[in-house]
Structures are given as structure tokens and as C-alpha cells.
Amino acid sequence: MLETKDILETIHMIDNENLDVRTITMGISLLDCIDEDIDKAADKVYDKICRYAKDLVKTGEDIEKEYGIPIIHKRISVTPIGMVAAPCQSRNVVKFAKALDRAADTLGVNFIGGYSALVQKGFAAGDYALIDSIPEALSVTEKVCSSVNVGSTKAGINMDAVKMMGKIVKQTAEKTADRDCIGAAKLVVFCNAPEDNPFMAGAFHGVGEADCVINVGVSGPGVVRATLAKNGKGKDIAEIAEMIKKTAFKITRMGQLVAREASKRLCVPFGIVDLSLAPTPAVGDSVAYILEEMGLESCGCHGTTAALALLNDAVKKGGVMASSHVGGLSGAFIPVSEDAGMIAAAEKGTLDITKLEAMTSVCSVGLDMIAVPGDITPETISAIIADEAAIGMVNTKTTAVRLIPAIGKKAGDTLSFGGLLGEAPVMPIRDGSPSEFIHRGGRLPSPLQALKN
């Protein structure tokens, strides 16, 4: 039974603390769209997406109106296009990106993810062509998001793919330099990528998923911060963790409600709720401010990693009690450009890329939405990807890198994207070349932790 005080509390969270459902994401399998003729395959992709998701946006808007719950984005994820493109005789894979973008425009969704390749153990047919096409694909489309999984705990790290992705990230930024390098903001490189992630830019529909599912991503860092501000004074660490767990439970229950309702109305199976705390540039809606509310003078100072570990663990524990199907990334995001507190800490100098790398060992994903100087070398980008993938591989967790080389800019300058993507201060990187290490190539062996059978 819902009590009046719980309903009023949720209304207050929505009105004053930036509580929202960040996304309803429909996952669609494209395996039955495969065709040797790339034009026929692209047409099949467009037709199937439009057929399955024709009511997605309207359903989301109807639920918003009826329940008073803000649903910020309606998105689609699809089978990794590297697989769909594998048998095509033409290597002009960008045709798929244009078909995805056209479908997104037709349906009115915010983003469509799945222009992706899974190459953690090696390259299959279609993967080379897709990866090579990413810079062009993201420069000629508006709503397409791309991801490449280069490593896993089970397979190790494909260092040849890591080397390629350093070049691809740099080229993508260069091709969209006239738009503040926005292409690189829609490209993420993973280790241990989840197959049911509803958040962009890393969403794709895994081959183990049903033909079509509904996944929901909730958010609420502002709610957690407000709870600690009101009730956290004088509390010890265990009590802080308990408060966060209870708050995460309430946030996730709202997401579960939206997911079930969307699933029922669309006649599509409910997949998962991703209970990640996803920040926005809005004042107060910040993971960094939660950490500071725990007692840190500034995010990035000593103690930040421990505070983030507490937050991430408490969010997961609270969320899993609220939904029987939790998945995706689920935890706390630390994207610099999308988090007002992270931006402030970076501008003050208390938060740098090295500290962010340490924080990724205990957070939900990884180095996210970080602007770096435009003269960064592809080898250095590859080395940052390799470092982050190694953290994910050894710790059996998802890690990712979404770097934005700020072409023509240097440390201290700013990139501005607008909307949820916010703006990013260009952060300095370490000196020293990793070029020889990166050019060795090969496959970094999987760790002993992989041998669990």
C-alpha cells in the first residue's frame, strides 16, 4: 500500500530535487534484417525499427502526463551493427548509420544506440568496416550513438582494437570540430559492456536479449544530496549508507512503475531497470555534490574514492530490493561535462584525469565525457583506453572511456554541447609517450579471475 506521506515525498522529489526517469529505451533485435545487399538490409533495419517503436514516444508522454513523472528521453538500442553488416558485400557501412538516424527522426526519439562492434577477443566479419566508418557516421548523423567493446574479464583486452580506437576517437573529434567535437561525445569504448544498458552513448541490444524489450534508466542524484543535507548532520558512515539505500529504493520503485506501465502499454517484455545516478548540469543534480555532502571539501580531494565507493554500493543495495530485474550499469555516473559539481572541481584543480581514473574503479562506468587538449596523440588516447579497460578486466566490472579531444583548444578552455551533455572544461593530461607500448598490438591476456568454470 502507498501511504500519503510517500506520495507527497515523491512529488517533492520531482518538483524540487530533479528526480526523473532519465530514459525509456526500447531494445530491438535486427538479426532478422541481415541481407547480403546492404541497401536491402538498411531498408529492413529502418522498417523494423519504425514498426516496433511507432508508439514509444507517445507512450512515454502519456505516462508522464498521467503519473506526473518526468521522462526526459525516449531512446532505442539495436543489435550491434557490426554483426548486421557482416554478410554485406558493400563496405559502405555508413548506410546503416543513416538508416538509424532516419528512423530516429521519423519516430521522434532522442538517441539511437547500437552502431557498435564487439571485438574483445578479435575482429569478426564486418567489425573492421564498422569501426573505420565511425568518424564519418557520427559526423553525418544527429542521433546515432556508437560503442566498441575492446575487452572483457573472460577474453582479456584486444590491444589491436585499442590501437584502432585511439585513431577513431581523434578522427571523430576532427570531423565534428565545427560543432565542438560533438561526434566524440557520442562514442564510447568499453570493457565488459553490458547487453541491456539503456543509457547512451553505450546502449546496444545484446544477442542474448529478446526480440524486443523495454529497459528504463532512473536518476536522482539531487534527491540523494537533499536527503543527506536534511538528515545527514552528525551521522556516521554506516548511517549515511543506510540513508542512501532507502533513498535509492524509493527512486528505483518509481522506475519500476514506469517500466511496467510502458511494457504493458507497448505489449513488449519488461527488461531491466538501470538504477544509475545520472547527473545533469542542473544546479544540485550532481554526484560530486553528494560526495561533498558526506564531508569532502571538494570532489577530487583525498577521500573521494572511498566516498564514491560507499555511494555506489548503497545505491545498488537499495535498488536491488526495489526491483526484481536490475541491470545495465546501475550505480553512480561521474561524467565531467554533465555534472555541475564535477565541472566546478575540475576548474578548481582538485579533480584531474588521474583522480578520475582512480574513482572509476568503484563507480558505475568510467572516464565519461572528459574533454582533453586537441593536440593529444591517438596513442595517448589508446593508452587511456587501455588503462581503463585494465581496471574493468581485473575487477570484473564495466569500465568505459568517452574522451572528447577538443580540436584547436588547450587545457583550461571549454567545450559546450548544451542540453544534458552540458559543457566540459578541457583537462590536462600527463606527459610521456606510450607510443611504443600501444604499437606492440596483440591481446593482453585475461586475468586469473576469468577462470571460474
Can you list every salt bridge (charged side-chain N to carboxylate O under 4.0 Å, His left out) pair that touches [range], not counting sequence neighbours?
| range | value |
| --- | --- |
| residues 352-368 | D368-R402 |
| residues 186-215 | K48-D211 |
| residues 387-397 | none |

Query raised in the report: Under 6.0 Å from the CD atom of E142, do we count more than 12 heavy atoms belonging to anything else shown?
Result: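 Counting other residues, nucleotides and ligands, CD of E142 stays at 12 neighbours or fewer.
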
Could you list the residues that satisfy side-chain hydrogen bond (donor to acceptor under 3.5 Å, both in side chains) with [X], not counting sequence neighbours?
| X | answer |
| --- | --- |
| T79 | none |
| D274 | S276 |
| T153 | N192 |
| K246 | none |

Requested in this report: Return the set of residues passing salt bridge (charged side-chain N to carboxylate O under 4.0 Å, His left out) with K245 (not counting sequence neighbours), or none when no residue passes.
Outcome: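 Checked K245 against salt bridge (charged side-chain N to carboxylate O under 4.0 Å, His left out); matches are E242.
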
Report task. Determine which pairs satisfy ring pair (Phe, Tyr, Trp, His ring centres under 6.0 Å) with at least one residue from residues 179-212, sequence neighbours left out, and list them in order. Result ->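 Pairs touching residues 179-212 that pass the test: F199-F333.
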
Report task. Identify, with sequence neighbours excluded, every residue that meets ring-ring contact (aromatic ring centres under 6.0 Å, His included) alongside F249. Result ->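 Here no residue qualifies.
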
Report task. Identify, with sequence neighbours excluded, every residue that meets ring-ring contact (aromatic ring centres under 6.0 Å, His included) alongside Y52. Result ->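 Y52: no ring-ring contact (aromatic ring centres under 6.0 Å, His included) contacts found.
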
Per-pair distances, 0.1 Å, donor-acceptor, side chain in residues 291-298, under 3.5 Å, sequence neighbours excluded:
unit_1, atom_1, unit_2, atom_2, d
E292, OE2, C299, N, 2.9
S298, OG, K348, NZ, 3.3
S298, OG, T350, OG1, 2.8

**Report entry** Check: G151 main-chain N/O paired with N149 side-chain donor or acceptor under 3.5 Å
**Finding:**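 Looks like yes, one N/O pair under 3.5 Å.
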
